[in-house]
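Heads up: the structure comes next, in structure tokens.
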There are 2 protein chains.
Amino acid sequence: MKPTDAELEILQVLWSKGPSTVRQVHDELTKTRDVGYTTTLKLMQIMQEKSILGRTEEARSHVYHVLIGEEETQKSLLDRFVETAFRGSATKLVIQALGQHKASREELDEIRALLNEQLNQNSPD
Amino acid sequence: MKPTDAELEILQVLWSKGPSTVRQVHDELTKTRDVGYTTTLKLMQIMQEKSILGRTEEARSHVYHVLIGEEETQKSLLDRFVETAFRGSATKLVIQALGQHKASREELDEIRALLNEQLNQNSPD
DNA sequence: CCTTTACTACGAAATCTTTCGTAGATACTA
DNA sequence: TAGTATCTACGAAAGATTTCGTAGTAAAGG
């Protein structure tokens, strides 16, 4: 699954807001970017054809929902990204990400826990 | 700087192998993908126009070199990626990356050190 | 030399993605 | 009920990226 940039924007809205009409998605999108209503409509129709989205047509305005998981999609985007941008080195990516984005105490603890897990797998004392 | 996918492939070769001719880059690319020689040539010419690459024309076959830094480019790609794929949460990205890619002992230590730095900044004991 | 090979230049086709205009249908409102 | 607003469908333009064919030129090998 390799959603295009515009598709990803729509996915983000649907993942965060849940099932929505074209109008609702479009209103979200136009908060940051200027784009015509029929553009959003068309994109969502295309995404439905590709089985990225499903929809219920009961009401006059259709309600769309995402058919692919956010984490699963992120996982595959991440794999691809590590390959193309970091020559396969996830570690380099992690280091850069940690270096340039601040994390909260809780987040750091979570990451630390994960690290410990890997450390143990790697060379258990 | 937002190199396209094909451009990024070429950049990877040049970053890893150093200054190279079109032939050399092309031979690397065809190890994984099937593409015509003139395609690679054209891409590199375009990249030169965009000032992503420079070249010396002394020899019959030109030698190209990268004009943008690998880390700097990765940084900007990463920022963009965190936004579009992880809704801005670098932490989610880090967690996923750690979860799905194995790291060596040394790498884990490096990450751990970085974490400690951030922890201290966040809530120094 | 003359032929084959390797290279650059470049236009343009092919493909993929995004954008929009127009048309037709239904609901809402004065 | 006439007019306005809102929705879907859809073709096709516009834009961006990738691919390749052809032409011209210089080198290399017989």
Side-chain angles (χ1 to χ4, degrees), chain A residues 1-14 19-65 68 73 76-77 80-81 83-85, chain B residues 1-14 19-65 68 73 76-77 80-81 83-85:
Chain A
M1 199 63 29
K2 191 178 71 66
T4 66
D5 283 355
E7 286 173 350
L8 206 45
E9 277 189 320
I10 290 171
L11 285 173
Q12 299 290 17
V13 173
L14 288 171
S20 312
T21 62
V22 173
R23 172 64 57 191
Q24 288 169 326
V25 170
H26 183 248
D27 285 351
E28 274 305 308
L29 292 187
T30 46
K31 282 181 183 168
T32 30
R33 214 161 50 85
D34 214 34
V35 71
Y37 176 83
T38 54
T39 300
T40 305
L41 172 65
K42 178 71 166 186
L43 277 171
M44 290 175 75
Q45 286 170 343
I46 289 171
M47 289 168 81
Q48 193 223 352
E49 266 170 26
K50 292 193 198 169
S51 297
I52 294 175
L53 301 184
R55 72 181 181 188
T56 56
E57 309 186 0
E58 295 151 23
R60 182 154 118 74
S61 55
H62 306 169
V63 176
Y64 288 79
H65 57 275
I68 58 179
T73 305
S76 92
L77 288 172
R80 188 185 178 71
F81 184 69
E83 274 317 310
T84 61
Chain B
M1 200 62 29
K2 191 178 70 65
T4 67
D5 283 355
E7 285 173 351
L8 206 45
E9 277 189 320
I10 289 170
L11 285 173
Q12 299 291 16
V13 173
L14 288 171
S20 312
T21 62
V22 173
R23 172 64 55 192
Q24 289 168 327
V25 170
H26 182 248
D27 285 351
E28 275 304 309
L29 292 187
T30 46
K31 282 183 184 169
T32 31
R33 213 161 53 83
D34 213 35
V35 70
Y37 176 83
T38 53
T39 301
T40 305
L41 171 65
K42 179 71 167 186
L43 278 170
M44 290 177 74
Q45 285 171 344
I46 290 172
M47 290 168 81
Q48 194 224 350
E49 265 170 26
K50 293 192 197 169
S51 297
I52 294 175
L53 301 184
R55 72 180 183 190
T56 55
E57 311 185 359
E58 295 151 20
R60 181 153 118 73
S61 54
H62 306 168
V63 175
Y64 289 80
H65 56 275
I68 59 180
T73 306
S76 92
L77 287 171
R80 185 184 180 74
F81 183 69
E83 272 318 309
T84 61

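Letters A, B, ... are given to chains in the order of the sequence lines, protein chains preceding strands, and every chain is numbered from 1.
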(Q) Tell me whether the side-chain N/O atoms of A:Arg55 come closer than 4.0 Å to OP1 or OP2 in D:dC7. (A) no
Q.
Strictly below 4.0 Å: does A:Ser61 bring a side-chain N or O up to OP1 or OP2 of D:dT6?
A. no
Solution key, residues 39-50 of chain B side-chain donor-acceptor pairs under 3.5 Å, sequence neighbours excluded:
from	atom 1	to	atom 2	distance (Å)
B:Lys50	NZ	B:Glu7	OE2	2.6

Q: Map B:Tyr64 and A:Glu7 onto DNA chain C by nearest heavy atom, then report which one ends up closer to the 5' terminus.
A: B:Tyr64
Q) Where do B:Gln24 and B:Pro19 come nearest, in terms of heavy atoms and distance? A) OE1-O, 4.4 Å
Q.
Need to verify one output field. Residue with the more 5' nearest nucleotide on DNA chain D, B:Ala6 or A:Val22?
A. A:Val22
Q | B:Glu9 CD to D:dT18 C1', straight-line distance once rounded to whole Å | A | 11 Å
Q.
Using 0.5 Å steps for rounding, measure from the CD1 atom of A:Ile68 to the CG atom of A:Leu53.
A. 8.0 Å
Q: Report yes if at least one side-chain N or O of A:Arg60 is closer than 4.0 Å to OP1 or OP2 of D:dT6; otherwise report no.
A: no
Q) Within this structure, what is the NZ-to-P distance between A:Lys42 and D:dA13, rounded to whole angstrom? A) 13 Å
(Q) Within the 4.0 Å heavy-atom criterion, would you say B:Thr4 contacts the bases, only the backbone, or no part of the nucleic acid? (A) sugar-phosphate
Q: Walk along DNA chain C from 5' to 3' and tell me the first and last nucleotide with an atom closer than 4.0 Å to a non-hydrogen atom of chain A.
A: C:dT17 to C:dA27
(Q) In terms of relative ring orientation, are B:Tyr37 and B:His26 parallel, tilted or perpendicular, with 30° and 60° separating the classes? (A) perpendicular
Q) Just to confirm, is there a sub-4.0 Å distance from OP1 or OP2 of D:dT8 to any side-chain nitrogen or oxygen of A:Tyr37? A) yes
Q. Atom CD in B:Gln12, atom OG1 in B:Thr73: separation rounded to 0.5 Å?
A. 9.5 Å
Q | Presence of salt bridge, B:Arg80 and B:Glu83, under 4.0 angstrom | A | no
Q: Measure the distance from CD on A:Glu57 to P on D:dA9 and round it to the nearest whole Å.
A: 6 Å
Q: Using a 4.5 Å cut-off on heavy atoms from C-beta on, say whether the side chain of B:Phe81 contacts that of A:Leu77.
A: yes
Q. Starting at NE2 of A:His26 and ending at P of D:dT8, how long is that distance when rounded to a whole Å?
A. 12 Å
Q. What is the distance, rounded to the nearest whole Å, between atom CG of A:Asp5 and atom P of D:dG15?
A. 18 Å
